[in-house]
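What follows is one structure encoded as structure tokens, with my remarks underneath.
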Amino acid sequence: TALGAGITALGVSAVKSSLDQQVGIARLNQSLVNVGTSYDAQAAAIERVIEAQQRKTNFGDEDQRAALQKLVTIGGKWEGSLEALQVATDLAAGAGMDLNAASLLLGKAIAGETSSLSRYGIVLEKGATQTEIMAALTKQFGGAAEAAADPMTQMRNRLGDLVQVMGDMLLPAVERLAILAEKMTRRMIAWTDAHPALTKVLAIVVGALGALALV
């Protein structure tokens, strides 16, 4: 029983992980569409960079996609966003913040709001280009993410990827079951609407059986 429960819990976790990844990709895709491209068009480059970063830092693929989505949305462009993602991981590790906060800060800087970087020792002239921003941050924090890499965190990220793959395999079956359950529910509702008196009798019988089971 315990083994069965464990397998079921793992299956549920795997499917949820797969769905979360789909949602993350959908959000990233919408941000990319808004700046004139799409996830499908850039998937190979995106996943290559994310995989490389995950291999040598503590940042998993889902966190990186979320960070990239912020950089594209706030920065307002696709060009240079993958380089910015790599700089964001160094900024997060070097400044002791999470990747979400680092990507938000960097996205604002790319959009022209560079004053917030001064608290981290980065002073830029007004109108600094993205190249200048990236260079300044790399000089200050370059290599921090790789230096902070923790083998246990990296292993958890890899195990998370494995669970996601399992979820990807299970998801089609779960979707078919969901469709079947929806059809059965509609039929049951239609039947109860067509037989209200019998439905009341059945409800009383089920309630009585439940009460007897508690005695």
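No hydrogens, no waters, no symmetry mates; every other heavy atom, side chains included, goes into these values. Only a predicted model underlies this, so the values are computations on that prediction, with no experimental measurement involved.
For the atom pair CG (L82) and CD1 (I50), the distance works out to 7.5 Å, reported to the nearest 0.5 Å. Annotation: the span from Q42 atom CD to L28 atom CG amounts to 10.0 Å, rounded to 0.5 Å. A distance of 4.0 Å separates CD of Q130 from NZ of K77, quoted to the nearest 0.5 Å. Interatomic distance, CD1 of I25 versus CG of D40, reported as 9.5 Å (0.5 Å rounding). Here the CG atom belonging to L117 is positioned 7.0 Å from the CD1 atom belonging to I133, to the nearest 0.5 angstrom.
Closest of all the heavy-atom pairs between A136 and I122 is O-CD1, 3.6 Å. Residues S103 and K70 come closest through the heavy atom pair OG-CD, 3.7 Å. Considering all non-hydrogen atoms of both residues, I110 and A84 come closest at CD1-CB, 3.9 Å. Contact record, T57 with E146: CG2-N, 4.1 Å, taken as the closest heavy-atom pair. The two atoms that bring Q54 and Q154 nearest to each other are O-NE2, 4.0 Å, heavy atoms only. Heavy atoms only, all atoms of each residue included: A41 and T37 are closest at CB-OG1, 3.8 Å.
Checked against side chain to side chain contact (heavy atoms under 4.5 Å, CB included), T129 has the following partners two or more places apart in sequence or in another chain: T131, E132. In this view, E51 and R55, R158 satisfy the salt bridge (Lys or Arg N to Asp or Glu O under 4.0 Å) rule, not counting sequence neighbours. Here L104 pairs with I74, K108 under the side chain to side chain contact (heavy atoms under 4.5 Å, CB included) rule; sequence neighbours left out. Residues passing the side chain to side chain contact (heavy atoms under 4.5 Å, CB included) test with A26: none are found, sequence neighbours excluded. Checked against side chain to side chain contact (heavy atoms under 4.5 Å, CB included), A95 has the following partners two or more places apart in sequence or in another chain: L91, M97, Y120, F141.
A side-chain donor-acceptor contact under 3.5 Å links S81 to the backbone of W78. In this structure, the side chain of N157 engages the main chain of N58 through a donor-acceptor pair within 3.5 Å.
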Pair M134-L106, side-chain contact (heavy atoms from CB on, under 4.5 Å): steps then yes or no: CA-CA 9 Å; M134 296 297 100; L106 183 50; 3.3 Å; yes

Residues L32, I46; criterion side-chain contact (heavy atoms from CB on, under 4.5 Å); working and verdict: CA-CA 11 Å; L32 291 169; I46 289 171; 4.0 Å; yes

Residue pair Q64, Q86: steps toward the side-chain contact (heavy atoms from CB on, under 4.5 Å) verdict: CA-CA 9 Å; Q64 290 189 67; Q86 295 172 75; over 6 Å; no

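The side chain to side chain contact (heavy atoms under 4.5 Å, CB included) test with L137 singles out one residue from L105, D90, L124, V87, and that residue is V87.
Here F59 sits in one hydrophobic cluster together with L99; the rule is ILVMFWY side chains under 4.5 Å apart, joined directly or through other members.
Side chains of Y39 and Q69: no donor on one and acceptor on the other come within 3.5 Å. In the model, Q30 has a side-chain atom that pairs as donor or acceptor with a side-chain atom of N34 under 3.5 Å.
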